[in-house]
Amino acid sequence: MLTQAAIEVGLTPVVLVSRRTLAAAFDPGVRRLLCVGGGVAPIVGAASVTSAPLPRGQAGALKSQLLRLPGVALLRGIRGWFRLYVQRCAMRKALFDVDPKAVFVFDERTPDINMPLLREAKDRGLRTIVVPYAMAAGEAREFVRLREPACHVKGARLAIALRLFPNHVRKSTSDVSLLFYPFWETVAVYLHGFGRCSPWILGGGLADLLAVFGEYDREAAIQEGVHPTKIRVTGQPSLDELHRSLLAREVIRVEIESTYRLASSKPFIICAVPHQAEENLLDEGVHLAETRALFAVLSRQKLRLGAHVLLSLHPKSKEESYRDLADEAGLVLVRAPLSRILPLADVMVGTLSSTVRWAAALAIPVMVVDTLRRGYKIFDHLGVVRITYSADELESTFVESFDEEFRWRGALGVVKDQANKVALIDGNACARLLALTCDEGELDGK
């Protein structure tokens, strides 16, 4: 969405998909270029790989054990320093070749591409903007590192960390001192000039500006320590696609009903299928068992409420992993992306993710299933969101929240008022982001 919007106003988007590769050909003679740093996968806005992966199965557990060994951890730190050095050289050359007008990144804390890119862009005096691609709650970052012992720090290492890079240390709610990266990798980052950055805070790195979904995110960023002058409320590029779907809602409804042979005029329950196994948060067998229980609840609510249930998979999920479970429960697994079908929803079911914001911004009631019991507070202020911790609790919450006529028992006035503060969904997010790259009046009429 962002690259297409750039083209429409006369900017040439150049997407860095690895430290060696440019994803688009460009004319070196054109000055007005937009350079987009897109994480480690070859698509803009792809989810970046965390520096502290969670163990899954025996192989993951063995890797976690190896990372605790002093020799292995030190070698990873040395490798991390050289990797950052090589990537900074590559980013320096890329910026020289492209000569961009501005740099967008979707995460400023990833050592692979984003941090070296920002460091070199800063040295060239380029305007840099970070646009969160997903939920960026501090609770989520803490949860991941609590489960990775390599990020725990104490004793002499804690004393060193507090002296050299105190912004990289955080005390968890369970009173464990955590580093954002494992110790020796943090040392490597520090030696490349990132010691004063605060990786726990999105907006605490080298980027000049932080673009956020809406007013609630702006308030949360300020509370975490981001200076108010650094924050811009723009919405997210994917929200422009959601806006298009909202305008075409009735056309999409007819299309879905026709494609999957569904009776017309029935309400829709849309489930963003949890993907804990794909995120290495759960063993695959446990995850599929929980998914079967979830689908069974949705099947019973489908009959009770006279609704259709549409299942939308995360891009990381494979259809063949869920097809049999969906057929067993009599639910419809759709191929359309969630951004296309969500405006049809009378209620959305999902896990803790940015898609909860999407639904809340559309004033759609949301049932969150947090089987990992992470206990995040990020959505507590939203009257439209109900948090549950098991399939059984989800079922009882459905009964409490909706009568048999599918009427929601919540306060719709409050929900609609909050929706405007969750995210800006007006089709202009990309335009607002591109305006941040230009001087006042430069994009007038475009």
Side-chain angles (χ1 to χ4, degrees), residues 1-19 21-40 43-46 48 87-88 90-110 112-133 136 194 197 202-213 218 221 226-227 229-240 424 428-446:
M1 290 296 295
L2 186 57
T3 53
Q4 181 59 42
I7 292 170
E8 290 173 0
V9 297
L11 296 172
T12 302
V14 180
V15 184
L16 292 171
V17 298
S18 78
R19 61 186 175 86
T21 308
L22 297 178
F26 60 91
D27 179 357
V30 177
R31 176 64 184 88
R32 300 188 64 208
L33 292 170
L34 175 68
C35 181
V36 183
V40 294
I43 55 173
V44 176
S48 300
Q87 291 188 354
R88 285 187 64 181
M91 293 300 102
R92 191 178 305 131
K93 183 180 186 304
L95 291 172
F96 178 80
D97 291 341
V98 176
D99 190 21
K101 182 177 183 63
V103 173
F104 283 96
V105 297
F106 293 86
D107 190 336
E108 61 182 340
R109 302 157 303 179
T110 311
D112 192 16
I113 299 181
N114 290 334
M115 289 169 68
L117 175 60
L118 286 171
R119 174 84 272 170
E120 297 305 317
K122 197 80 171 176
D123 290 347
R124 288 177 65 90
L126 295 172
R127 190 173 301 179
T128 53
I129 303 153
V130 59
V131 186
Y133 61 81
F194 296 99
C197 296
L202 199 56
L206 294 179
D208 298 317
L209 297 174
L210 169 65
V212 296
F213 278 66
R218 180 181 179 278
V226 183
H227 198 280
T229 59
K230 191 174 183 176
I231 306 169
R232 300 290 187 275
V233 177
T234 61
Q236 188 193 43
S238 59
L239 298 179
D240 285 356
L424 294 175
N428 294 316
C430 289
R432 282 187 288 268
L433 287 167
L434 292 177
L436 298 180
T437 72
C438 302
D439 297 325
E440 188 175 350
E442 190 172 343
L443 290 180
D444 286 352
K446 295 187 178 180

**Request:** Step by step, work out the side chain to side chain contact (heavy atoms under 4.5 Å, CB included) result for Leu206 and Glu108.
**Result:** CA-CA 7 Å; Leu206 294 179; Glu108 61 182 340; 5.5 Å; no
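- Closest heavy-atom contact between Ala211 and Pro132: O-CD, 2.8 Å.
- One distance of note links CG of Leu209 with CZ of Phe104; it measures 9.0 Å at 0.5 Å rounding.
- The side-chain contact (heavy atoms from CB on, under 4.5 Å) test with Arg432 singles out one residue from Leu434, Leu436, Asn428, and that residue is Asn428.
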**Request:** Begin from the C-alpha positions of Leu118 and Val130 and carry the test side chain to side chain contact (heavy atoms under 4.5 Å, CB included) through to its verdict.
**Result:** CA-CA 10 Å; Leu118 286 171; Val130 59; over 6 Å; no
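- With contacts defined as side-chain heavy-atom distances shorter than 4.5 Å, the pair Val103/Arg124 does not qualify.
- Without hydrogens or angle criteria, Gln236 side chain to Val131 main chain gives no donor-acceptor distance under 3.5 Å.
- At least one donor-acceptor pair under 3.5 Å links the side chain of Asp240 to the backbone N or O of Cys430.
- The backbone N or O of Asp208 sits less than 3.5 Å from a side-chain atom of Thr128, completing a donor-acceptor pair.
- Of the residues Val226, Leu210, Val212, the one that meets the side-chain contact (heavy atoms from CB on, under 4.5 Å) test with Arg218 is Val212.
- Between Ala429 and Gly235, the closest heavy-atom pair is CB-C, 3.9 Å.
- A donor-acceptor contact shorter than 3.5 Å links the side chain of Lys230 to the backbone of Ala207.
- Residues Asp123 and Arg88 approach most closely at OD2-NH2, 3.8 Å, considering heavy atoms.
- Between Val233 and Leu424, some side-chain heavy-atom pair lies under the 4.5 Å cut-off.
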